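Report on one structure; see the data block that follows.
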There are 2 protein chains.
Amino acid sequence: MGHDLCRQGEPFEFIYAVRSGTFKSSLSLSNGHQQICAFPMCGDIIGMDGVASGQCASTVTALDDAQVCAIAYAPLVDLLARDPALQRRVNRQMGYELARGRRLLLLMGPFSAQERLAAFLLDLSQRFSAHGYSAREFNLRMSRIEIASFLGLSHETISRAFSALQREGLLHIDKRRVRITVLEHFARRFEALLRVD
Amino acid sequence: MGHDLCRQGEPFEFIYAVRSGTFKSSLSLSNGHQQICAFPMCGDIIGMDGVASGQCASTVTALDDAQVCAIAYAPLVDLLARDPALQRRVNRQMGYELARGRRLLLLMGPFSAQERLAAFLLDLSQRFSAHGYSAREFNLRMSRIEIASFLGLSHETISRAFSALQREGLLHIDKRRVRITVLEHFARRFEALLRVD
DNA sequence: CGGAAGATTGAGCGTAGTCAAACCGAGTGG
DNA sequence: CCACTCGGTTTGACTACGCTCAATCTTCCG
């Protein structure tokens, strides 16, 4: 918890398959600013973005107690050559990450603070439910500040957006506990955000 | 020119290596909004984001006369199994795309319109110069509206940002012709934007 | 108890969005 | 040749959303 799985700029050696827990991956710029660019969790692969440069492209920090499976990249490459099925799996995963990044980029465009936050919660909800947890009620592992950085907003705006969603009766928020009142309502209200075509 | 290389939702069959020309890849949402998420050009690989879902994840449109090398994906997979060097190359390219996406996401965060535009121009400049063209002077292949969509701004704001950069003497803009007055000044003024750590 | 970090809320301000008008160049057709 | 349209661009005026600064409150931990 709070520990770094890898740090931006370090030599790239491992990729990690997340088995449990939540992480944040962040980029820091030379001007001191820091931006969170993903919240990897169960089922995600961490570190693929270091393949190209040979350096870890981002710093990945655990937000809670987590378990990962570290996979040394160099042997993996050999293994891939001998196991086409595995290779296909790795390629698919990278394609998945790419597509997910695209979708996210989309969010940052012409959407209001409330819409961004709603889309973020919907995304979380879907990922939780894909792994057997409740889609309606869950604990956020990340602070308002981290959500803000991720969505390109200020943390005060995140706070206000939560309050606004609650005022509209769409969810109940208590600290980091989120309960979506009626998932169908919520999803219908914001479905256009993440659905393509 | 103006033709689609592939369309969002179509079965995924090919990836394309760009030999010349410029493209835009865009996502369209169910609410009708459209977002440009990349401007692939010479040296880039298009279509990797379809690997995971088996569908083209975005619509890719030529912005000028262009040449691409189409590579059928299914045979490529077999080939990769027999050619580890090529496989490594493909993985690197995907990692590169991933990292590039991350950097972009970063831009959408807490940066002003002028900074985003400048970063966009710097990125273009670097890509042009990497392929033997002038880093100081080039033609934009895309409209203000397309730049706006890409950067998550309105096209009027793009226009104003160009004017502002010109007023500051950093560049000269005439329709789609861009001349950066002193590349070093320009880069120093905005270097923090894309440089990590 | 005191200090620190997180969260919420308010007040004021500024940047960028929206709406609108005008201009320009390229096509098209009378 | 000129009139017309259409898409792209620029600029202005007004508005609004979100940022900044600030105060307050809670929780957590030393």
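Proteins get letters first, then strands, A, B, ... in listed order; numbering begins at 1 in each. Values reported hereafter were calculated over all heavy atoms of this structure, with side chains retained and with hydrogens, waters and symmetry mates removed. Bear in mind that the values here come from a model prediction, so they are computed numbers and not experimental data.
- Legend: residues meeting side chain to side chain donor-acceptor pair (under 3.5 Å) with B:Thr22, ordered by chain and number and at least two apart, are absent.
- For A:Ser163, the side chain to side chain contact (heavy atoms under 4.5 Å, CB included) test picks out A:Arg167, with sequence neighbours left out.
- Residues meeting the side chain to side chain contact (heavy atoms under 4.5 Å, CB included) test with B:Ser134, sequence neighbours left out: B:Arg136, B:Glu137.
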Do any N or O atoms of the protein come closer than 3.5 Å to N or O atoms of nucleotides 10-12 of chain D, and which pairs are they?
from	atom 1	to	atom 2	distance (Å)
D:dT10	OP1	B:Arg144	NH2	3.1
D:dT10	OP2	B:Arg144	NE	2.8
D:dT10	OP2	B:Ser159	OG	2.4
D:dT10	O5'	B:Ser159	OG	3.1
D:dT11	OP2	B:Ser163	OG	2.6
D:dG12	N7	B:Arg160	NH1	3.0
D:dG12	O6	B:Arg160	NH2	3.2

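- Spacing between atom CG of A:Leu117 and atom P of D:dG18 amounts to 11 Å, rounded to whole angstrom units.
- In the helix from C:dC1-D:dG30 to C:dG30-D:dC1, the terminal helix axes, each the rotation mapping four pairs' C1' atoms onto the next four within five end pairs, subtend 30°, rounded to 10°.
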Residues 90-100 of chain B, side-chain donor-acceptor partners within the protein, below 3.5 Å, at least two apart:
from	atom 1	to	atom 2	distance (Å)
B:Arg92	NH2	A:Ala52	O	3.1
B:Gln93	NE2	B:Glu97	OE2	3.3

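- Rounded to whole angstrom, the span from the CE atom of A:Met142 across to the C1' atom of C:dA7 amounts to 16 Å.
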Every protein N/O within reach of nucleotides 28-30 of chain D N/O, cut-off under 3.5 Å:
none

Extract all donor-acceptor atom pairs below 3.5 Å that involve side chains of residues 73-86 of chain A and protein atoms in other chains or at least two apart in sequence.
from	atom 1	to	atom 2	distance (Å)
A:Asp83	OD1	A:Ala85	N	3.2
A:Asp83	OD1	A:Leu86	N	3.1

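- Picking from D:dG18, C:dA7, C:dG17 the nucleotide with the shortest atom distance to the side chain of B:Leu153 gives C:dG17.
- As rounded to whole Å, 16 Å separates atom P of D:dC17 from atom CZ of A:Phe111.
- In this structure A:Cys37 satisfies the side chain to side chain contact (heavy atoms under 4.5 Å, CB included) test together with A:Ser25, A:Leu27, B:Arg102, B:Leu105, sequence neighbours excluded.
- For residues 25-48 of chain A, the pairs satisfying salt bridge (Lys or Arg N to Asp or Glu O under 4.0 Å) are A:Asp44-A:Arg127, with sequence neighbours left out.
- Sorted by first and then second residue, the side chain to side chain donor-acceptor pair (under 3.5 Å) pairs with a member in residues 61-71 of chain A read A:Asp4-A:Thr61, A:Asp64-A:Arg141; sequence neighbours excluded.
- For B:Arg189, the side chain to side chain donor-acceptor pair (under 3.5 Å) partners two or more places apart in sequence, or in a different chain, are B:Glu168.
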